[in-house]
S.K.: 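The structure's right below; bear with me while I get my questions together.
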Amino acid sequence: MSDDPLPPPPTPAPGRPTVRTAAVIPAAGRGVRLGPGAPKALRALGGTPMLVHAVRAMADSRAVSLVVVVAPPDGAGEVRSLLDTHALHGGPPSGSRGSTDVLVVPGGESRQESVKLGLDALPPGYDIVLVHDAARPLVPVDTVDAVVEAVRDGAPAVVPALPLADTVKQVEPAAAPGGPEPVVATPDRSVLRAVQTPQGFDRATLVRAHETVTDDVTDDASMVERLGLTVVTVPGHEEAFKVTRPLDLVLAEAVLARRRLNDGF
Ligand code: C5P
C-alpha cells in the first residue's frame, strides 16, 4: 500500500474532462450471521482477508485512484497494518494497473454512518464515488468499470443488478423468528432486481443524500431515490454476491479456486 501523495489525475480520453474516482469500502460490520469469530471483513478467503480482496477489486479498476476503508471503530490501526502487509494489486501483472492510495478511517454504529464517515474523509478532487461492501470481495473489475462508466455518462446514481431466481413474497413479519408469517403480496418477479455493490454516484449527489436522508436504509442508492432522483442499473455479476452466511464462504472459496485454475495465480 502506498503512502505517497495522491497521484496526478489520469490523462482523459480526447474530448472528455478528467474525472477522478474514489471508492469507499464500509468494513465496520461484525458479521454476526457468519457465526462467531473476527469481524467479517477480516475473515480469510483463500488465506487472504476478505477486506484485502475487496480493496484489490476496487484498485484493479484503472478508474479508481483512491480507496477509503471504513474500519471497525476500535480496529482502524489493525486494519491499516493488515493492508500494509498485503500487496494491493492481486492477480497476474497487468499494464492497466496504476497506483492506488488507501486511507483507513474508523466506522460507526450503522452501515449508513460508516459510509458517511468514509465520505467525510474524502479529499477534494474526486467527483465520482463508489461505495462497495467489504462483504462482496469477489466483484469482477468489469462490473466496477461498468458502474463508473455509467456515472461518467451522466447518471447521478448507478447500481449493479441481477434478475431474481426466486419468487419473492411480502409477508406480515412474525413476532418471533421462525413463526408462521401470513403472505400479503407476491410482487411481479420480472420487474424486481437484486442489487449489488459497488454502487456509483456523482459525489455531490451522494453527499447531499447522506446529509438529507435520515431513514434507515440498506443501500446508498435508496437514499438518492429519496431525493427524487433516478437511479439506474447496469448488469451485475453472480460473483459479486455478498458473503453473509457460512455457505457463502464455501462458495467464495470455490470461486477463488476456479480463478486460480483459470488465471494460474
Ligand atoms: O450487515 P451488512 O452485510 O448489510 O453490511 C454490509 C457492509 O456494511 C459490510 O461490508 C459491513 O462491514 C459494513 N458495515 C459497516 N458499519 C456498520 C455495519 C456494517 O461498515 N456499522
Side-chain angles (χ1 to χ4, degrees), residues 22-45 48-59 64 66-80 82-83 86 102-122 129-139 143-144 147 157 159-162 177 193-201 206-207 209-210 213-225 236-252 255:
V24 173
I25 302 186
R30 302 252 17 125
V32 283
R33 287 169 289 180
L34 212 48
K40 177 159 69 175
L42 306 185
R43 310 250 183 140
L45 275 186
T48 302
M50 207 180 309
L51 174 61
V52 173
H53 288 285
V55 174
R56 285 176 178 167
M58 296 299 104
V64 176
L66 173 67
V67 178
V68 179
V69 173
V70 189
D74 54 355
E78 188 189 345
V79 165
R80 178 79 253 176
L82 182 88
L83 293 172
H86 287 84
V102 178
L103 296 176
V104 179
V105 297
E109 282 302 306
S110 65
R111 181 186 181 283
Q112 221 165 330
E113 209 184 310
S114 293
V115 173
K116 170 84 169 57
L117 290 164
L119 279 178
D120 290 347
L122 270 186
V129 179
L130 305 179
V131 181
H132 181 60
D133 287 336
R136 297 184 189 270
L138 302 179
V139 60
T143 307
V144 181
V147 170
V159 295
L162 288 177
R193 300 288 179 267
V195 306
Q196 306 175 320
T197 72
Q199 300 189 345
F201 304 90
L206 185 60
V207 167
H210 273 269
V213 179
T214 50
D215 311 352
D216 249 352
V217 292
T218 51
D219 76 342
D220 298 276
S222 50
M223 302 175 82
V224 173
E225 289 163 49
H237 196 286
E238 59 181 5
E239 292 182 5
F241 63 93
K242 182 154 75 168
V243 176
T244 306
R245 296 180 184 85
L247 188 60
D248 299 322
L249 284 172
V250 178
L251 183 59
V255 170

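Ligands are counted one by one from 1 in listed order, and the atoms in each one are counted from 1 as well.
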S.K.: Quick one: which of A28, G108, P39 has a heavy atom closest to atom 21 (N) of ligand 1?
M.R.: G108
S.K.: Relative to the heavy atoms of K40, which atoms of ligand 1 are at a distance of less than 4.0 Å?
M.R.: 3 (O)
S.K.: Between E109 and ligand 1, which residue portion shows a heavy-atom distance shorter than 4.0 Å: side chain, backbone, both, or neither?
M.R.: backbone
S.K.: Which of the numbered atoms in ligand 1 are below 4.0 angstrom from a heavy atom of S110?
M.R.: 16 (N), 17 (C), 21 (N)
S.K.: Name the option, out of P73, G29, P26, that contains the heavy atom nearest to atom 9 (C) of ligand 1.
M.R.: P26
S.K.: Using heavy atoms and a 4.0 Å limit, tell me yes or no: is A135 in contact with ligand 1?
M.R.: yes
S.K.: Taking only heavy atoms of S114 into account, list the atoms of ligand 1 that are under 4.0 Å away from them.
M.R.: 15 (C), 16 (N), 17 (C), 20 (O), 21 (N)
S.K.: Would you mind running through ligand 1 and noting each atom that sits below 4.0 Å from a heavy atom of K242?
M.R.: 2 (P), 3 (O), 4 (O)
S.K.: Is D219 salt-bridged to R111, going by a charged N under 4.0 Å from an acidic O?
M.R.: no
S.K.: Can you pull out every salt bridge (Lys or Arg N to Asp or Glu O under 4.0 Å) where at least one residue sits in residues 28-40? Sequence neighbours excluded, please.
M.R.: none
S.K.: Does ligand 1 have an atom under 4.0 Å from some heavy atom of R33?
M.R.: yes
S.K.: Can you list the ligand 1 atoms lying under 4.0 Å from a non-hydrogen atom of A134?
M.R.: 10 (O)
